[in-house]
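To keep things clear, I will list the structure first and then write my remarks on it.
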2 protein chains.
Amino acid sequence: MVVTIADVARAAGVSPSTVSYVLSGKRSISEGTRRRVERSIRELGYHPNAGARALASSRTNVLALVAPLRADVNVPVVMQFVGGVVTRARAHDHDVLLLTEDEGPDGLRRVAGSALADAVIVMDVEAAEPRLPVLRSLPLPAVLIGVPDEPHGLACVDLDFTAAGAACVGHLAELGHRAIALVGPSPAVYARGTSYAGRFLRGFRAAVAQRAVRAAERPCPPSYDGLRACLDDVLGQGVTALVVHNEAVLGPLLPELARRGLRVPEDISVLAVCPADMAEFQAVPLSSVDIPSAELGGLAVELAMSAAPPARVRLLPPRLTSRASTAPPRTATPLPSS
Amino acid sequence: MVVTIADVARAAGVSPSTVSYVLSGKRSISEGTRRRVERSIRELGYHPNAGARALASSRTNVLALVAPLRADVNVPVVMQFVGGVVTRARAHDHDVLLLTEDEGPDGLRRVAGSALADAVIVMDVEAAEPRLPVLRSLPLPAVLIGVPDEPHGLACVDLDFTAAGAACVGHLAELGHRAIALVGPSPAVYARGTSYAGRFLRGFRAAVAQRAVRAAERPCPPSYDGLRACLDDVLGQGVTALVVHNEAVLGPLLPELARRGLRVPEDISVLAVCPADMAEFQAVPLSSVDIPSAELGGLAVELAMSAAPPARVRLLPPRLTSRASTAPPRTATPLPSS
DNA sequence: CTGAAAGCGCTTACAG
DNA sequence: CTGAAAGCGCTTACAG
């Protein structure tokens with residue numbers, strides 16, 4: 001019913017092993033036979049049986065990806081990341097097996113034990129990541145997205161959120177802002193100990209301490225009321241610029257500022273940390289530090305492809321793009337006259 | 001290095017075939033041996049080799065899912081759907097192989113030819129779906145999410161968007177609204193011929209024709225300016241209620257209405273078509289027709305699990321939840337005094 | 001209730 | 001440059 005390597009061999013008048021070698025390129029084949037074999041493959045529509053191949057070669061050509069499919073994550077970022085992983089994996093002739101975090105460490109053991117994949121990529125890593133021991137003991141390469149507190153022995157990639165936090169402060173300080181506010185991720189993100197939130201905050205604080213800048217910080221729940229309360233607090237402190245590290249509130253933010261009679265960037269500057277397309281989609285195109293999700297996904301695949309990924313933390317430098325939402329503050333003095 | 005069925009058999013003092021039968025339950029095993037085998041499996045941490053199992057049994061325990069990983073789809077809906085698929089698949093002891101639409105029909109042929117999966121689920125089906133012929137010729141069960149114009153011979157599941165369109169009109173008409181507007185999906189969605197957009201519109205129009213209701217229709221691009229233009233047009237026609245079938249503009253919608261001095265629902269009613277949690281997240285919780293993505297994903301898996309899924313269109317009835325954003329219109333006459 | 005053995009479709013030393 | 005054959009780790013008739 002389905003075409004096998006024996007069918008192709010028969011059609012091409014060679015042995016099955018020759019067909020196999022044509023496919024793998026692991027030994028030189030005479031021009032003529034190679035062509036006949038390739039022709040037969042094409043004509044018969046032959047695809048090697050994945051199970052048989054995996055069994056014989058101990059390689060599955062499958063990459064396992066553990067993704068957070070919950071609602072409380074940055075959904076577009078996750079999607080772009082997954083897209084980057086699948087695209088790059090296909091470029092390496094690999095497929096992607098999608099796992100949920102629900103299975104926890106056992107899921108990783110199962111995938112490794114069943115020889116379902118050649119490598120595993122784990123998203124949404126927490127600072128105190130509970131899957132670290134399993135990951136280290138796995139007989140296959142693992143790549144983490146995010147940086148746990150103790151990454152020893154594991155390959156990690158991520159945006160350099162520490163540098164991103166500092167870059168945000170730097171950009172605003174150089175424009176002349178002296179009082180800024182960080183509208184941070186949801187309290188739930190901090191509570192979970194998600195690694196990027198803490199790193200961004202650290203970079204932000206360090207840069208604030210280094211410059212003559214005053215800064216307020218507020219986590220912001222992903223709701224309209226949450227945003228409103230957050231702005232009430234923060235704007236009450238007379239800031240002239242907002243750093244928004246929370247994509248969920250990005251949509252309503254500009255309309256809400258407008259409702260308050262604040263023009264961007266004339267009355268207040270806004271600097272976002274989010275995917276580039278999201279920044280461009282706003283009423284006023286936002287200056288932003290890009291979260292290069294698809295690129296990170298591709299990079300993770302590249303690392304996962306090597307038999308032994310370098311057990312070190314690889315951080316992508318942040319790129320800040322100045323768009324229409326940031327400008328020098330209206331007054332030299334940061335505090336509005338009351 | 002890795003535990004095989006022979007290791008388990010040796011440890012339990014039985015033959016490999018007995019271990020296999022304990023695992024599959026395909027023949028009765030004496031209480032005692034079963035317990036010894038299960039114990040050995042547990043102690044050794046045995047997981048059957050997926051490739052070997054697939055080769056011997058012609059079943060992979062893998063489901064292929066073709067998902068749209070582009071930016072121009074409803075990202076949260078896709079994520080929830082994928083989550084529903086993975087969760088339900090795991091409940092059936094299956095894993096999910098994630099494919100992009102980029103590969104097109106060839107990707108489906110490849111997966112079937114390589115025996116990578118036992119069934120395939122295809123999301124984001126268009127009215128004139130180009131993958132239909134391949135799907136029909138595939139030697140494995142296929143389930144479509146969405147309803148192409150010619151679904152003959154294929155299993156389809158989706159929300160009944162036609163009924164949803166009608167339900168929206170019905171809800172507003174019963175509240176007393178006589179002039180309503182449909183803020184539709186992005187022009188790109190219509191251009192692609194995505195099946196749900198047309199069906200919703202059909203149901204909407206049919207219900208409008210049946211009732212003493214006047215209706216405006218506008219596709220709405222996923223940008224702030226697009227929304228603004230759309231509202232300019234539609235509000236200019238004196239409508240008292242909005243049906244919003246476009247999650248991308250849901251975030252900025254309420255703030256923008258507020259900016260225009262329109263209170264919801266006092267001055268204007270808003271009825272959304274979107275996932276329930278998204279409706280609840282707004283400044284005013286929105287009355288809505290739920291898009292039950294996760295449930296649809298689960299249903300698709302159930303169908304895909306059967307050797308021959310019923311080749312018919314399965315439509316889930318829409319559920320309209322009345323929240324705070326819909327109310328009777330202020331005046332009995334639909335047109336505001338000018 | 002259980003075991004010995006064939007066979008699934010490949011890959012890869014081993015031989016020539 | 002090519003082929004014959006062993007073997008990967010399971011499942012499942014076939015036997016008893």
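Computed from a predicted model, the values in this text were never measured in an experiment. Within every chain, numbering begins at 1; the chains are lettered A, B, ... in the order of the sequence lines, protein sequences first and strands thereafter.
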Any non-hydrogen side-chain atom of [X] less than 4.5 Å from a side-chain atom of [Y]?
X        : Y       : answer
B/Val301 : B/Leu63 : yes
B/Thr100 : A/Arg90 : no
A/Tyr46  : A/Leu23 : yes

Subject >> First and last nucleotide of DNA chain C, 5' to 3', lying under 4.0 Å from heavy atoms of chain B >> reply: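 It runs C/dC1 to C/dG9.
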**OP:** Please work out the stems of DNA chain C from pairs that are Watson-Crick or G-U wobble with both distances under 3.5 Å, keeping only runs of three or more consecutive pairs.
**Re:**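 Stem list for DNA chain C: C:1-3 with D:14-16, C:5-12 with D:5-12, C:14-16 with D:1-3.
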Are the side chain of [X] and the backbone of [Y] linked by a donor-acceptor contact shorter than 3.5 Å?
X        : Y        : result
A/Asp95  : B/Leu97  : no
B/Ser114 : B/Arg110 : yes
A/Glu129 : A/Arg131 : yes
B/Asp124 : B/Ala67  : no

**OP:** Apply side-chain contact (heavy atoms from CB on, under 4.5 Å) to B/Leu138 and list each qualifying residue two or more places apart in sequence or on a separate chain.
**Re:**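 Checked B/Leu138 against side-chain contact (heavy atoms from CB on, under 4.5 Å); matches are B/Leu108, B/Ala112, B/Val120, B/Val134, B/Leu135, B/Leu140.
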Original post:
For A/Arg39, does the CZ atom sit with more than 12 other heavy atoms under 6.0 Å from it, leaving out its own atoms?
Top reply: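 Not buried by this count: 12 neighbours or fewer within 6.0 Å.
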Original post:
Given the rule in the side chain to side chain donor-acceptor pair (under 3.5 Å) test, do A/Thr18 and A/Ser15 qualify, once you have shown the distances and angles that lead to the verdict?
Top reply: CA-CA 5 Å; A/Thr18 296; A/Ser15 74; 3.3 Å; yes
**OP:** With a 4.0 Å heavy-atom cut-off, tell me which residues in residues 106-119 of chain B come close to DNA chain D, sorted by residue number.
**Re:**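 Under 4.0 Å from DNA chain D: no residue of residues 106-119 of chain B.
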Original post:
Hey, mind stepping through A/Val66 and A/Glu101 against side chain to side chain contact (heavy atoms under 4.5 Å, CB included) and telling me if it holds?
Top reply: CA-CA 6 Å; A/Val66 187; A/Glu101 297 186 323; 4.0 Å; yes
Subject >> Residues in contact with DNA chain C, drawn from residues 13-26 of chain A - heavy-atom cutoff 4.0 Å >> reply: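 Nucleic-acid contacts, sorted: A/Ser17, A/Ser20, A/Tyr21, A/Lys26.
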**OP:** Enumerate the residues from residues 28-42 of chain A whose closest heavy atom to DNA chain C is under 4.0 Å, giving them by residue number; use none for an empty result.
**Re:**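 Hits under 4.0 Å, by residue number: none.
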Subject >> Check ion pair A/Glu38-A/Arg35 (N to O, under 4.0 angstrom) >> reply: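 No, this pair does not count.
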**OP:** Tell me yes or no: between the side chains of A/Arg199 and A/Ser195, is some donor less than 3.5 Å from an acceptor?
**Re:**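 Indeed, the side chains of A/Arg199 and A/Ser195 share at least one donor-acceptor pair under 3.5 Å.
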Original post:
Do B/Ser20 and B/Ser17 have side-chain atoms, one donor and one acceptor, less than 3.5 Å apart?
Top reply: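 No, no side-chain donor-acceptor contact under 3.5 Å.
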Original post:
If you take all heavy atoms of B/Asp158 and B/Gly146, which pair is closest and at what distance?
Top reply: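 Taking B/Asp158 first and B/Gly146 second, the nearest heavy atoms are OD2-CA, 3.2 Å.
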Original post:
Which residue lies toward the 5' end of DNA chain C, A/Arg27 or A/Thr4, if each is placed at its nearest nucleotide?
Top reply: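 This one resolves to A/Thr4.
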